[in-house]
Amino acid sequence: MRRLRLGVNIDHVATVRQARGTAYPDPLEAARLCELAGADGITVHLREDRRHIQDGDVFALRRHLRIRLNLEMANAPGIVAIALKVRPDEACLVPEKRQELTTEGGLDVAGQFEPLRRTVRRLSAAGIEASLFVDPDPAQLEAAARTRAPCVELHTGAYCGASGAAARRELERLVAGARLAHKLGLRVNAGHGLNLENIGGVLRMPFLDTLNIGHSIVARAVLVGMAAAVREMRRAMRAYRGGE
Ligand code: PXP
C-alpha cells in the first residue's frame, strides 16, 4: 500500500507576511522546509481578494518546487486563467466568499454542474488534475464523478468542529463518502480543520490518497520555532557595548 500523502497548505505563512507588507516570511522558503521535512505536496489558495497568497508566490512555487503543487481556487475566470498559465499538478476547485475567514462548505456541484464541468474539462486538457472540494454527500459525489474530475477532496470541517456523538456521526459520513467516491472511480483526498488531536479519526477513512493540512501546521510551527527565533535575536544583540 502506498503511504498516505501529506499536502501542506502554506497560505498562513503568507498571511503573516501580508500583515506587515514585508518580504518575509517567504512562502517558497516555507515550502522548501516542508519538502525537506517529508511533505508530499504544497497547497496554496490564490483567493480573488489576494488576502494571503499572491500571484508571484504561485509562479515561484511552480518554478522551484520539486514536490507536487496543488492550487486551491474558485471557479472564477481570472483565477482559472492563472491556473492554466501556472499548470499546477492539481487544482482543487472550492467555493469562495469574500467575507469568510476560510472556506466554509463544500461546492454545490449538483447546482453548478455546467460551469464546473467546463472548468474541469479545461484543466484536464491542460494536464492539470482537477479536484472538487465537497461535503461527504452522495448527491454531490455523484455529480462530481459526472464532471469527469479525477479527484475529490472531502471536507473534514464538520467532523473537526464537532465532538462526542456528533463527531462520530460526521466521521461515519466521511467514511461512507470516501467509500462511495472510490466506487465512483474518484481519487479521494480530505482536508480542512485537521490537527494533531483530530487526525486519528480521519485515518479511519478508507481509500485516502492525500490529506491537505494548513492552519494547524503553521500555528504549530510558530510555537515549535519560537525558542529558536528568540535565541537568534539574543545572539544578534550580543554586539551591544552600552552607551560609551
Ligand atoms: N482543503 C481545502 C479545500 C481548504 O480550503 C483548506 C483551507 O484553505 C484546507 C484544505 C486546509 O484547511 P486548514 O487550514 O484548516 O488545515
Side-chain angles (χ1 to χ4, degrees), residues 4-16 18 27 30-31 34 39-54 57-58 61 68-76 79 83 88-109 116 119-120 123 128-137 140-141 144 149-162 170 174 177-178 181 186-203 205 208-222:
L4 176 55
R5 293 198 282 202
L6 170 63
V8 182
N9 178 319
I10 55 170
D11 290 348
H12 295 304
V13 173
T15 300
V16 175
Q18 297 307 110
C34 295
D40 302 286
I42 295 296
T43 296
V44 288
H45 184 173
L46 185 66
R47 281 187 165 267
E48 287 186 274
D49 64 10
R50 305 301 196 272
R51 67 171 75 159
H52 38 52
I53 292 293
Q54 307 295 304
D57 295 324
V58 186
L61 286 164
R68 286 168 68 80
L69 176 63
N70 172 29
L71 181 64
E72 260 183 44
M73 53 186 271
N75 189 18
I79 301 287
D89 300 278
E90 187 173 334
C92 182
L93 293 163
V94 301
E96 191 177 305
K97 293 190 215 106
R98 290 280 159 127
Q99 289 81 14
E100 67 191 356
L101 288 178
T102 178
T103 318
E104 280 167 358
L107 285 167
D108 179 10
V109 188
L116 285 169
T119 300
V120 165
L123 293 169
I128 302 164
E129 283 176 43
S131 173
L132 300 174
F133 187 49
V134 287
D135 292 317
D137 170 344
Q140 296 298 341
L141 289 168
C151 182
V152 283
E153 179 168 332
L154 294 179
H155 194 326
T156 53
Y159 160 71
C160 294
E170 289 299 336
L174 287 168
L186 293 158
R187 190 155 67 76
V188 187
N189 295 340
H192 210 285
L194 297 174
N195 60 33
L196 289 172
E197 259 108 73
N198 58 32
I199 187 91
V202 164
L203 298 183
M205 290 168 66
L208 277 179
D209 182 280
T210 302
L211 291 179
N212 286 314
I213 309 180
H215 184 263
S216 75
I217 290 181
V218 175
R220 182 85 189 124
V222 170

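These numbers come from a predicted model, not from an experiment. Atoms within a ligand are numbered from 1 in the order they appear, just like the ligands themselves.
Using a 4.0 angstrom heavy-atom cutoff, Gly193 counts as in contact with ligand 1.
Arg187 and Arg68 make their closest contact through NH2-NH2, 3.6 Å (heavy atoms, listed as atom of the first residue, atom of the second, distance).
With sequence neighbours left out, the side-chain hydrogen bond (donor to acceptor under 3.5 Å, both in side chains) criterion links Gln140 to Asp108.
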Review point. For Arg5 and Asp209, what are the C-alpha separation, side-chain angles and deciding distance, and is it a salt bridge (Lys or Arg N to Asp or Glu O under 4.0 Å)?
Key: CA-CA 6 Å; Arg5 293 198 282 202; Asp209 182 280; 3.0 Å; yes
Point to revise | Candidate pair Cys151 and Asn189, rule side chain to side chain contact (heavy atoms under 4.5 Å, CB included), full reasoning | key: CA-CA 7 Å; Cys151 182; Asn189 295 340; 3.4 Å; yes
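We find the CG-OG distance between Asp89 and Ser131 to be 13.0 Å, quoted to the nearest 0.5 Å.
If you check the side chains of Thr43 and Asn70, you find a donor sitting under 3.5 Å from an acceptor. No side-chain donor-acceptor contact under 3.5 Å links Glu72 and Asn212.
When heavy-atom distances to ligand 1 are checked against a 4.0 Å cut-off, Glu72 comes that close only through its side chain, counted from C-beta outward. The residue His155 has no part lying near ligand 1, judged by heavy-atom distances below 4.0 Å.
Counting atoms of ligand 1 from 1 in the listed order, those under 4.0 Å from a heavy atom of Asn9 are 8 (O). Listed by number with element, the atoms of ligand 1 under 4.0 angstrom from any heavy atom of Val94 are 3 (C). Remark: ligand 1 atoms within the under-4.0 Å shell around heavy atoms of Glu153 are 1 (N), 2 (C), 3 (C), 10 (C). Interface of Ile213 with ligand 1, defined as ligand atoms under 4.0 Å from a residue heavy atom, comprises 16 (O).
Residue-to-ligand polar distances keep Ser216 apart from ligand 1: every N/O pair is separated by 3.5 Å or more. Checked by distance only, ligand 1 and His45 stay at 3.5 Å or farther apart across all their nitrogen or oxygen atoms. Any N or O atom pair closer than 3.5 Å counts here, and Gly191 shares no such pair with ligand 1. Between His215 and ligand 1, at least one N/O pair is under 3.5 Å apart.
Between the side chain of His45 and the backbone N or O of Arg47, no donor-acceptor pair lies under 3.5 Å.
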